[in-house]
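For reference, the structure is listed below as structure tokens.
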2 protein chains.
Amino acid sequence: MATDIPDIVIGRLPIYLRELTRLAEEGKQKTTSSHELGHRLGISSAQIRKDLSHFGEFGKQGTGYHIGYLTEQLSDILRLSSEWDVAVVGAGFLGHALAHYNGFLDRGFRIACIFDNDPQKVGEKMGELIVQPDTDLEKIIKHKQIKVAILAIPPHVAQPMTDRLVNAGVKALLSYAPIHLTVPEGVQVSYSDPVIQLQRMTYYL
Amino acid sequence: MATDIPDIVIGRLPIYLRELTRLAEEGKQKTTSSHELGHRLGISSAQIRKDLSHFGEFGKQGTGYHIGYLTEQLSDILRLSSEWDVAVVGAGFLGHALAHYNGFLDRGFRIACIFDNDPQKVGEKMGELIVQPDTDLEKIIKHKQIKVAILAIPPHVAQPMTDRLVNAGVKALLSYAPIHLTVPEGVQVSYSDPVIQLQRMTYYL
DNA sequence: CACCTTTCGTGTAAGATTTCACAATGATAG
DNA sequence: CTATCATTGTGAAATCTTACACGAAAGGTG
């Protein structure tokens with residue numbers, strides 16, 4: 001009930017968590033079922049039950065899952081009980097969008113700082129934050145013990161910046177730069193490239 | 001060699017294409033091998049060969065793959081030989097970022113129009129474009145025969161907007177709204193929710 | 001209480017995906 | 001021309017993932 005849980009299962013937990021939160025917001029009910037959850041997400045009920053069964057027995061026969069309880073459990077499993085400070089690197093349009101996005105706070109993350117190497121942008125106010133010079137990056141990340149960063153910079157500087165971040169202690173990286181990044185063992189990387197996603201769909205058109 | 005190709009294989013083709021383009025830009029060589037490509041992408045060479053073999057025999061024993069030729073073939077397979085017009089819905093910070101992103105054009109897509117329902121934003125200049133009122137959405141999408149759209153709007157309006165887009169003829173949708181969308185058969189949907197991606201990584205920290 | 005309905009958790013079967021490993025082919029060098 | 005090396009394409013094996021189907025619980029009803 002601990003190690004050896006497939007990545008693909010972990011990958012679905014945040015989806016379940018998000019939908020549970022929506023259900024709670026709708027507030028019409030205290031419990032849900034694998035069938036209802038699956039129907040809303042386009043996933044089979046069996047898969048949801050099997051996924052959850054990796055971590056314990058959260059449901060009750062005949063009733064289903066208590067929404068509040070399952071939400072708590074999933075949050076714990078995903079280490080979201082306390083907030084993660086996040087560093088955003090790059091204060092361009094995308095950095096702007098990230099800094100102003102208010103969807104992080106409720107879901108376990110807080111943008112703690114934003115960096116840029118352009119002296120024109122340094123000092124600029126962005127949401128609650130002020131753009132910091134990238135020369136202070138290591139100092140601030142180490143001081144705040146930041147483990148999570150988002151890359152919103154051009155591709156040709158993404159790998160060196162990744163190296164700097166990892167060196168400063170970052171362990172999880174979400175990159176919007178359209179290149180594959182190389183990181184040491186134990187560092188997590190996730191990518192978001194809208195063009196890749198669009199290209200995956202055009203095949204079927 | 002035609003139908004019945006696994007989605008997961010299609011999903012990797014854009015990654016190969018992107019890396020081939022990078023190789024071409026580096027310009028040091030005319031050919032590459034499954035081994036080199038795999039090494040650069042963290043994918044096994046066998047997988048790359050098997051993936052490509054679904055579509056034909058693009059390589060040459062002893063030599064590998066001609067970069068230019070393989071790039072062309074993949075572009076064709078993914079229907080990227082001519083550009084797709086894309087509608088962006090939502091002219092907030094994210095819509096801004098998308099409208100100004102210049103990584104689309106080289107890779108098969110052109111932002112053709114951007115919509116918002118806020119009268120204050122309508123008429124605003126954004127990159128090359130002017131924000132259109134969402135009331136004109138159906139008219140413009142039908143007229144330009146737009147098949148691809150990007151959703152950059154709040155979650156509570158995402159499903160109704162999806163319905164409108166699909167109704168107007170959109171067949172592929174990239175959504176930044178943090179909810180699951182329901183669409184008819186034959187319409188492609190892809191999601192991008194940074195929080196989901198971050199939550200997938202925190203489990204491992 | 002007896003019966004019916006709902007829904008979970010799970011062993012097993014089915015299906016999908018990846019890896020292995022090798023014959024075949026082409027290039028290169030002496 | 002022959003030997004050597006690199007690399008592909010692919011059948012078969014191994015591994016991973018999903019779907020099926022059912023016993024067992026829990027709640028509701030009369």
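Chain letters run A, B, ... following the sequence lines, proteins first, then strands; residues in each count from 1.
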Pick the nucleotide of DNA chain D nearest each of A:Pro6 and B:Phe58; which residue has the one closer to the 5' end?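 Its nearest nucleotide lies further toward 5', so the answer is B:Phe58.
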
How long is the line joining [atom1] of [X] and [atom2] of [N], in whole Å?
X: A:Leu70; N: C:dG9; atom1: CG; atom2: P; answer: 10 Å
X: A:Asp7; N: C:dT18; atom1: CG; atom2: P; answer: 13 Å
X: A:Asp4; N: D:dT17; atom1: CG; atom2: C1'; answer: 14 Å
X: A:His66; N: D:dA26; atom1: NE2; atom2: P; answer: 17 Å
X: B:Ile5; N: C:dA16; atom1: CD1; atom2: P; answer: 15 Å
X: B:Lys60; N: D:dA6; atom1: NZ; atom2: C1'; answer: 14 Å
X: A:His35; N: C:dT5; atom1: NE2; atom2: P; answer: 17 Å
X: A:His54; N: C:dC8; atom1: NE2; atom2: P; answer: 17 Å

Kindly give the heavy-atom pair with the smallest separation between B:Leu181 and B:Leu173, and that separation in Å.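 Closest heavy-atom pair between B:Leu181 and B:Leu173: CD1-CD2, 4.4 Å.
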
Does [N] have OP1 or OP2 sitting under 4.0 Å from an N or O in the side chain of [X]?
X: A:Tyr65; N: C:dG9; answer: yes
X: A:Arg12; N: D:dT18; answer: yes
X: A:Ser34; N: C:dT7; answer: no

Hey, what's the ring geometry for [X] with [Y], parallel, tilted or perpendicular (30° and 60° as the breaks)?
X: B:Phe58; Y: B:Tyr69; result: perpendicular
X: B:His100; Y: B:His96; result: parallel
X: B:Tyr203; Y: A:Phe55; result: perpendicular

Which nucleotide in [options] has an atom nearest any side-chain atom of [X]:
X: B:Lys50; options: D:dC20, C:dG9, C:dT19; answer: C:dT19
X: B:Arg49; options: D:dA19, D:dT17, C:dA21; answer: C:dA21
X: A:Gln61; options: D:dA25, C:dT10, D:dT8; answer: D:dA25
X: A:Ser33; options: C:dC8, D:dA19, D:dG9; answer: C:dC8
X: A:Ser44; options: D:dA19, D:dT10, C:dG9; answer: D:dA19
X: A:Ile8; options: C:dT17, C:dG9, D:dT17; answer: D:dT17

Toward the 5' end of DNA chain C, which comes first, A:Asp51 or A:Gly64, by nearest nucleotide?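 Looking at DNA chain C, the more 5' nearest nucleotide goes with A:Gly64.
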
Using a cut-off of 4.0 Å on non-hydrogen atoms, how would the nucleic acid contact of A:Ser45 be classed: base, sugar-phosphate, or nothing?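 The residue A:Ser45 makes no contact with any strand.
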
Do B:Thr31 and B:Thr63 have side-chain atoms, one donor and one acceptor, less than 3.5 Å apart?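 Looking only at side-chain atoms, B:Thr63 and B:Thr31 do not form any donor-acceptor pair under 3.5 Å.
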
